[in-house]
There are 2 protein chains.
Amino acid sequence: MLTQAAEDYLKSIYKLQEKVGKVSTGILAEYLKVKPASATGMIKKLKTMKLVRHERYQGVTLTDAGKAIALEVIRHHRLLELYLFKALGVPWDGVHEEAEKLEHVISEDVEARMDEFLGYPTADPHGAPIPDKNGVVTKTASVPMTDLCSGQSCIVAEVSDTDSAMLRHLGSFNLYPGTAFRVIEVAPFEGPYTIDVAGQQVIIGREVAKHIFVEDVEG
Amino acid sequence: MLTQAAEDYLKSIYKLQEKVGKVSTGILAEYLKVKPASATGMIKKLKTMKLVRHERYQGVTLTDAGKAIALEVIRHHRLLELYLFKALGVPWDGVHEEAEKLEHVISEDVEARMDEFLGYPTADPHGAPIPDKNGVVTKTASVPMTDLCSGQSCIVAEVSDTDSAMLRHLGSFNLYPGTAFRVIEVAPFEGPYTIDVAGQQVIIGREVAKHIFVEDVEG
DNA sequence: AAATTAATTTAGGCATACCTAAATTATATA
DNA sequence: TATATAATTTAGGTATGCCTAAATTAATTT
């Protein structure tokens with residue numbers, strides 16, 4: 001059995017690999033709020049376990065075995081988020097923190113029961129894809145809201161889950177994944193978006209819009 | 001925040017205090033599957049935190065602060081057991097092990113939500129009392145099944161949760177807390193009990209009967 | 001009371017995972 | 001190309017919680 005820290009490293013490497021491509025020791029350390037020296041140590045440990053590949057100064061990549069574990073942890077995390085949200089009514093800006101602790105201790109049996117209860121879902125409360133039991137990720141094609149023009153309609157696909165104040169803000173406008181809205185106007189010079197959500201007119205700043213990804217764009 | 005190990009020690013001291021009265025280092029170590037020297041170390045640590053009292057060779061007792069934490073952990077554990085059992089259908093011989101890991105990472109918020117979902121219950125799936133938010137324990141008066149005589153009727157109040165094979169065995173007869181049964185015959189010379197559970201005749205060995213506690217004895 | 005046995009404590013070690021500080025290697029700039 | 005800066009690694013140290021082995025204290029037996 002892997003340690004909790006090791007699991008967090010694998011998960012983080014996977015996420016960073018998706019986001020920034022190459023994963024350096026420094027990037028990884030910053031992401032995990034740890035000093036680079038600590039990251040070096042864990043990387044060496046993971047390498048002896050054949051979970052990552054690593055050449056000095058060249059960054060880390062996951063092996064197939066490492067990727068499988070990373071996806072398993074991510075699956076635990078996202079299923080837990082959705083379960084806490086749907087079954088226990090934990091607000092969506094709180095589920096990330098809770099799941100962060102639970103993901104390492106939940107058993108496969110309990111996970112399977114939650115999965116069944118939720119009807120084998122494919123996305124967490126923020127719209128991020130939930131890998132299936134075999135580690136297969138099916139993610140929908142989405143674009144940043146900042147790509148939209150006046151008059152276009154779409155559906156919220158995903159929002160970034162890192163900032164809980166941002167999530168509360170979006171929640172207050174009902175901008176959950178699955179919610180439809182139409183762009184009424186895009187203010188020039190990097191200005192805010194005025195949109196229509198279920199008949200309500202809402203103003204979304206450019207910085208906020210960067211955190212929203214949409215699909216099914218029309219018009 | 002206390003470490004997981006420290007919480008386990010406090011919980012174990014509380015349980016042993018109830019079961020055997022005086023808690024010696026050796027008893028505690030055996031219970032926690034740890035060497036006595038390790039128990040000594042943790043006891044000293046807990047003493048500096050004023051969570052236990054301890055005089056060399058005289059055993060450990062909990063301070064009020066230590067008892068409060070012990071009860072909080074026990075509450076987490078038993079609420080989790082019941083939640084896993086009722087909300088997710090985890091079989092009752094598996095909930096203990098699951099809860100053992102989860103009790104240390106569950107937040108007060110999630111606990112409160114589970115408590116509400118369950119309707120503020122007072123007993124876990126094995127019949128053990130769930131302390132309330134203030135650490136108040138209300139336990140029903142029960143007697144060991146081995147005190148029963150032929151012809152007496154009663155209701156299962158509690159079963160010991162340590163042996164999961166035993167729990168499966170009892171479950172196969174539907175001997176959950178709340179289940180009523182009548183003693184048909186007690187075989188002499190420490191022999192087995194023949195009982196009637198919902199019209200079915202069942203034979204319960206003396207060793208098994210010692211693990212069952214009953215209430216509302218009549219007849 | 002002396003000797004044996006049991007319980008407890010102390011002492012010394014090990015592994016994990018973190019840290020800081022210094023040394024090394026790589027990359028960018030002048 | 002030489003130098004400065006940035007990234008990475010190494011070295012040495014901390015704390016936790018476990019271990020074994022040896023020493024001490026308590027309890028029991030003869």
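Each chain gets a letter, A, B and so on, in the order its sequence line appears, and its residues count up from 1.
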(request) Specify the separation, in whole Å, of atom CD of A:Gln58 and atom P of C:dT27. (result) 7 Å
(message) One pair to check against side-chain contact (heavy atoms from CB on, under 4.5 Å): B:Leu148 and B:Cys154. What are the steps and the verdict?
(response) CA-CA 9 Å; B:Leu148 296 178; B:Cys154 63; 3.7 Å; yes
(request) Sorted by first residue and then second, give each side-chain hydrogen bond (donor to acceptor under 3.5 Å, both in side chains) pair with at least one member in residues 30-49 of chain A; sequence neighbours left out. (result) none
(message) With side-chain hydrogen bond (donor to acceptor under 3.5 Å, both in side chains) as the rule and sequence neighbours excluded, what pairs involving residues 106-116 of chain A come up?
(response) A:Arg75-A:Glu111, A:Arg75-A:Asp115, A:His76-A:Glu108, A:His76-A:Glu111, A:Ser107-B:Glu98, A:Asp109-A:Arg113
(request) Take nucleotides 10-20 of chain D nucleotide by nucleotide from the 5' end and write B, S or -, depending on whether a protein heavy atom sits under 4.0 Å from the base, only from the sugar-phosphate, or from neither. (result) B-----SSSBB
(request) Decide if the gap between the ring center of B:His126 and the ring center of B:His96 is smaller than 6.0 angstrom. (result) no
(message) Does the plane of the ring in B:Tyr176 sit parallel, tilted or perpendicular to the ring in B:Phe85? Use 30° and 60° as the thresholds.
(response) tilted
(request) Go along nucleotides 2-7 of chain C 5' to 3' and tag each nucleotide: B for a protein heavy atom under 4.0 Å from its base, S when only backbone or sugar atoms are that close, - otherwise. (result) ------
(request) Evaluate the criterion salt bridge (Lys or Arg N to Asp or Glu O under 4.0 Å) for residue pair A:Glu81 and A:Arg78; output intermediate values, then yes/no. (result) CA-CA 5 Å; A:Glu81 283 192 344; A:Arg78 294 185 178 160; 5.9 Å; no
(message) Can you pull out every side-chain hydrogen bond (donor to acceptor under 3.5 Å, both in side chains) where at least one residue sits in residues 3-14 of chain B? Sequence neighbours excluded, please.
(response) B:Glu7-B:His104, B:Asp8-B:His104, B:Lys11-B:Glu100, B:Lys11-B:Glu103
(message) Filter on side-chain hydrogen bond (donor to acceptor under 3.5 Å, both in side chains), then keep only pairs touching residues 85-94 of chain A, sequence neighbours left out; what's left?
(response) A:Asp93-A:Arg168
